[in-house]
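Take a look at the structure below.
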Amino acid sequence: GAGVSQSPSNKVTEKGKDVELRCDPISGHTALYWYRQSLGQGLEFLIYFQGNSAPDKSGLPSDRFSAERTGGSVSTLTIQRTQQEDSAVYLCASSFTGNTEAFFGQGTRLTVV
Amino acid sequence: GENVEQHPSTLSVQEGDSAVIKCTYSDSASNYFPWYKQELGKGPQLIIDIRSNVGEKKDQRIAVTLNKTAKHFSLHITETQPEDSAVYFCAALGAYKYIFGTGTRLKVLA
């Protein structure tokens, strides 16, 4: 596609439910990043993929968070047993190699009620 | 650990004036420094970037300067317009990870 696409754009879920957030990177980009942005805050690194591998998962806040990437393309971020503090905008970015310009999607706004 | 400090957190300027946002990074291995503009409800948009082998780069009303010795880099916006109002983030790229500053909310007053 023309840009990084994320879905859904908005998600409201009940506390304790699981959610899946999807990222479709720019075609041909091997590097993919997930960041979290809480209201009015900066961008918190969650995980980095190079191809299908995740050499850096250091930013995942707890074992309720996991991510995978298949076919070197689409990535899914899964949050299990959601908590209210998980409410944030989850941003995905991709770049050609991991050492070039990174382009962001529009984000998924997650609200846990 | 790696860290990027960004100042100021908020900045108000009159339309037509210049705006300057400054960042300092800690990882001396960082070699690429992008700037992003984020409008309300949207993802960050890359507006300009600079690599460690140059000291300055300009694109119309926007310029970025880099001082590798001091580990400082700055964004300069001249002749500001109301549509420049947004949150601006600096970032530093090490081996593969982007570390972001905490953002500057720029308000251009008409």
Side-chain angles (χ1 to χ4, degrees), chain A residues 1-10 21 23-26 29-51 53-60 88-111, chain B residues 1-11 21-27 29-54 57 59 62 64 86-107:
Chain A
V4 178
S5 179
Q6 291 187 246
S7 60
S9 53
N10 281 284
L21 312 180
C23 173
D24 204 337
I26 293 171
H29 280 194
T30 63
L32 186 146
Y33 305 83
W34 284 98
Y35 284 83
R36 180 168 70 174
Q37 186 174 32
S38 300
L39 186 63
Q41 301 299 309
L43 285 77
E44 175 190 4
F45 172 80
L46 297 180
I47 189 169
Y48 160 72
F49 285 94
Q50 181 59 252
S53 301
D56 190 344
K57 305 179 182 180
S58 63
L60 294 178
V89 175
Y90 289 82
L91 290 160
C92 175
S94 71
S95 72
F96 193 56
T97 63
N99 196 28
T100 55
E101 301 91 331
F103 298 93
F104 281 86
Q106 82 282 8
T108 293
R109 181 176 296 279
L110 175 66
T111 304
Chain B
E2 305 135 330
N3 185 49
V4 174
E5 294 188 359
Q6 183 172 347
H7 300 282
S9 56
T10 60
L11 179 60
I21 302 171
K22 299 182 178 181
C23 289
T24 304
Y25 62 98
S26 62
D27 184 359
S30 296
N31 57 13
Y32 172 66
F33 307 91
W35 285 88
Y36 289 85
K37 175 183 181 183
Q38 188 175 29
E39 296 174 317
L40 196 61
K42 297 184 179 180
Q45 179 187 7
L46 179 67
I47 57 171
I48 195 167
D49 56 15
I50 191 167
R51 293 198 177 271
S52 58
N53 57 347
V54 299
K57 182 177 178 180
D59 182 4
I62 295 174
V64 57
V87 179
Y88 292 80
F89 290 97
C90 63
L93 176 65
Y96 58 83
K97 184 193 296 187
Y98 288 85
I99 304 298
F100 285 84
T102 49
T104 296
R105 182 173 299 278
L106 174 65
K107 188 178 293 186

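Just so we're on the same page: letters track the sequence lines, and every chain starts at 1. Treat the numbers as computed from the prediction; the structure is a model and nothing was measured.
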Which distance, rounded to the nearest 0.5 Å, do you find between the CG of Leu91(A) and the NZ of Lys42(B)? 14.0 Å
Structural part of Gln37(A) lying under 4.5 Å from a heavy atom of chain B: side chain
Side chain / backbone / both / neither for Glu101(A) at chain B, heavy atoms under 4.5 Å: both
Highest number of heavy-atom pairs under 4.5 Å with chain A among Leu93(B), Ile99(B), Val87(B), Asn31(B) belongs to Leu93(B)
Output for pair (Leu46(B) CG, Ser95(A) OG), nearest 0.5 Å, gives 11.0 Å
Heavy-atom distance under 4.5 Å to chain A: side chain of Gln6(B), backbone, both or neither? neither
What residue in Gly103(B), Gly43(B), Pro44(B) has the most heavy-atom pairs under 4.5 Å with chain A? Pro44(B)
Report which part of Thr100(A) has an atom under 4.5 Å of a heavy atom belonging to chain B: side chain, backbone, both, or neither. both
Measure the OH-CG distance between Tyr96(B) and Asp56(A) for me, rounded to the nearest 0.5 Å. 3.0 Å
In terms of heavy-atom proximity below 4.5 Å to chain A, should Ala91(B) be classed as side chain, backbone, both, or neither? neither
Please flag which part of Ala93(A) lies under 4.5 Å from any non-hydrogen atom of chain B: side chain, backbone, both or neither. neither
What part of Tyr98(B) lies closer than 4.5 angstrom to a heavy atom of chain A: side chain, backbone, both or neither? both
So, the part of Pro34(B) with a heavy atom under 4.5 Å from chain A: the answer is neither
Are Tyr35(A) and Phe100(B), when compared by the centres of their aromatic rings, separated by less than 6.0 Å? yes
Check each atom of Ser58(A) against the heavy atoms of chain B and say whether the ones under 4.5 Å are side chain, backbone, both or neither. side chain
